[in-house]
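As structure tokens, the structure follows; a few thoughts come after it.
Keep in mind that the numbers below use all heavy atoms, side chains included, and drop hydrogens, waters and symmetry copies.
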Amino acid sequence: MLKVRDMRNLLLSTTAAVTFAAAATAQEGGQLQAAIEGGIQMMNAQGANITYDSREVASDNSLIFNGFRMAPEDDVDLEISTDWLRFSPSADMEGGVTVTVAPMINVSVNDDEISFDIVVESENFALTSNTFMGDMEAPRMTLAADSISARNPDPDDPMIERMDIRLDDLDFSFELDTASGDSDAALSAANMLIDMKVADPDGPVLYDQRSETESVSMTFTGSNLPVGGDDEDVIAFFGEDGSFRLRVESGAGTSSMGATRDLPVAIEGEGVGGSMEASLQDGILAYSTNLGAVSYVVTPDPNVLPLPPMDASLAALDLDLRTPVRPSESLQEAKFLLNLSELTVSDSAWSLIDPAGSIPRDPATLQIDLTSMMRLLVPLGQIQDTDSPTQAVEVDSVDIKRVHMDAAGAEVDADGSLAIDNSGPIPFPNGSIDISVRGAQTLAEKLVNLGLVDEMQVGMVMGMLMAFAEQGDGPDHFTSTIEFKDGGVFANGQPIQ
């Protein structure tokens, strides 16, 4: 596989344009030419080995290199070549330079361990940036292409057996103010395809995956970002005055994974799309995911796992997490919300543990909605230095808005609220939680009959349930109110500690 120095060469090749920035600080006429040519000289001094058949200057002061090649001097034999590469003054970005390239770029890698070729193709590719001319204090970049793709041109390649990566209607923008740490970025593509199969030339398949997604987008905005990357800057960003918002959305998509050496199953899936968002605003760190319906089919390799194909589906998945990360004199809300809706698995999977179908196979659902009012007592970077959690955070209340789970014929519900007394050496809750359990006894008996759980262990659990619960409105329904009061814990009025 590629060595560390090989990765350096690949990085050098993909970021070559940015290094031209040190060559000049002006844009017009010969200054643009001097900047680009100076950048090439600097890179060649570092071993980039850039050559070209000819160069020409167009009437708009664009600099064109014909027969452009880059072959870094190192252990790995890497060469990147294209028919032409053009640097033009930008009419849309002050101090910007636009790079366009021939529709095809050839990449060739050869060393003692691996050898492969990659063809990168594009339609109407244009990259514009002010960094080519030396503006590194407020770098800006835009990239657009009707399409950009990478493929392996050799169908008989013993390592990269299949490679097809493609982005359609690609649009990307980025800007950063290094002085303030403010940044904005956006990316969108009408369609994204990744289709790869990689094998050990003398062994099994190592990677086999294909995914295609419609309407992919990403937006990012941030302020006071830790541009330097030092640990102190990162701690200050989270603990003092930083903020950001990242949102990713995607439309419908399909995916498949073939059986490999490390994963002896094939998986095919499809989904309607969803979104993910992470943010830090006003000292609250938040993360949320919202996914629509998804389904998967898993087919084990019969030579390794002699099992039938199995499928599973999920109607929706919602996750919402929020927590304060900065000290505050006022109370702040922390939140945990999870909605896993209508999870189903096929009869072929159920039959592995319950061939007679004694356990109900209805869709399963899990819902959790918890909030807490709390205050952080020390900065985020000092939490690890405290002797106990109570020195880092003070919890004022916990609200159990909803806990619901139904699966395999059993159903559990809970809700309640607790106020936390922090006046003593150990915080103690005051309040109550109402719990309802349906179908647990029936399910436990079926699990015992199937030999999946030990009868004695089930008996102990059911004994505890009956001891601290009351009969509900049915033969297999139990309810209990857990109270925290007077320094003790009670179940339906009975002390349990």
Output yes when a side-chain donor or acceptor of Asp476 lies under 3.5 Å from a complementary backbone atom of Thr442, and no otherwise.
-> yes
Residue pairs passing the side chain to side chain donor-acceptor pair (under 3.5 Å) test with at least one member in residues 311-320, sequence neighbours excluded, are Asn290-Asp318, Ser313-Thr344, Asp318-Asn339, Asp320-Arg322
Would you call Pro300 and Met310 a side-chain contact if the rule is heavy atoms closer than 4.5 Å?
-> yes
Flag, side chain of Ser372 to backbone of Ser397, donor-acceptor distance under 3.5 Å = yes
Polar side chain donor-acceptor pair, Asn191 to Glu212, under 3.5 angstrom = yes
For Asp369 and Arg402, indicate whether the former's side chain and the latter's backbone hold a donor-acceptor pair under 3.5 Å.
-> no
Would you name the heavy atoms of Lys197 and Val205 that are closest together and state the gap between them?
-> CE-CG2, 3.7 Å
Between Ser417 and Asp399: side-chain donor-acceptor atoms closer than 3.5 Å | no
Presence of salt bridge, Arg438 and Asp473, under 4.0 angstrom = yes
Please report the C-alpha distance between Ser358 and Asp354 in whole Å, then the side-chain angles of each, then the deciding distance to 0.1 Å, and finally whether the side-chain hydrogen bond (donor to acceptor under 3.5 Å, both in side chains) criterion is met.
-> CA-CA 7 Å; Ser358 62; Asp354 182 24; 2.9 Å; yes
Without hydrogens or angle criteria, can the side chains of Glu270 and Thr254 be said to hold a donor-acceptor pair below 3.5 Å?
-> no
Any donor and acceptor pair, going by atom type alone, linking the side chain of Asn422 with main-chain N or O of Val395 inside 3.5 Å?
-> yes
Thr213 side chain reached by Ile194 side chain, heavy atoms, under 4.5 Å | no
Please tell me if the side chains of Arg245 and Phe220 come closer than 4.5 Å, counting only heavy atoms from C-beta onward.
-> no
Closest approach of Leu176 to Val227 (non-hydrogen atoms, all atoms of both residues) | CD1-CG2, 4.2 Å
Electrostatic pair Glu333:Lys335 at N-O distance under 4.0 angstrom | no
Just by distance, with hydrogens left out, do Ser423 and Asp421 show a side-chain donor and acceptor under 3.5 Å apart?
-> yes
What are the two closest non-hydrogen atoms of Pro139 and Thr131, and how far apart are they?
-> CB-CG2, 3.5 Å
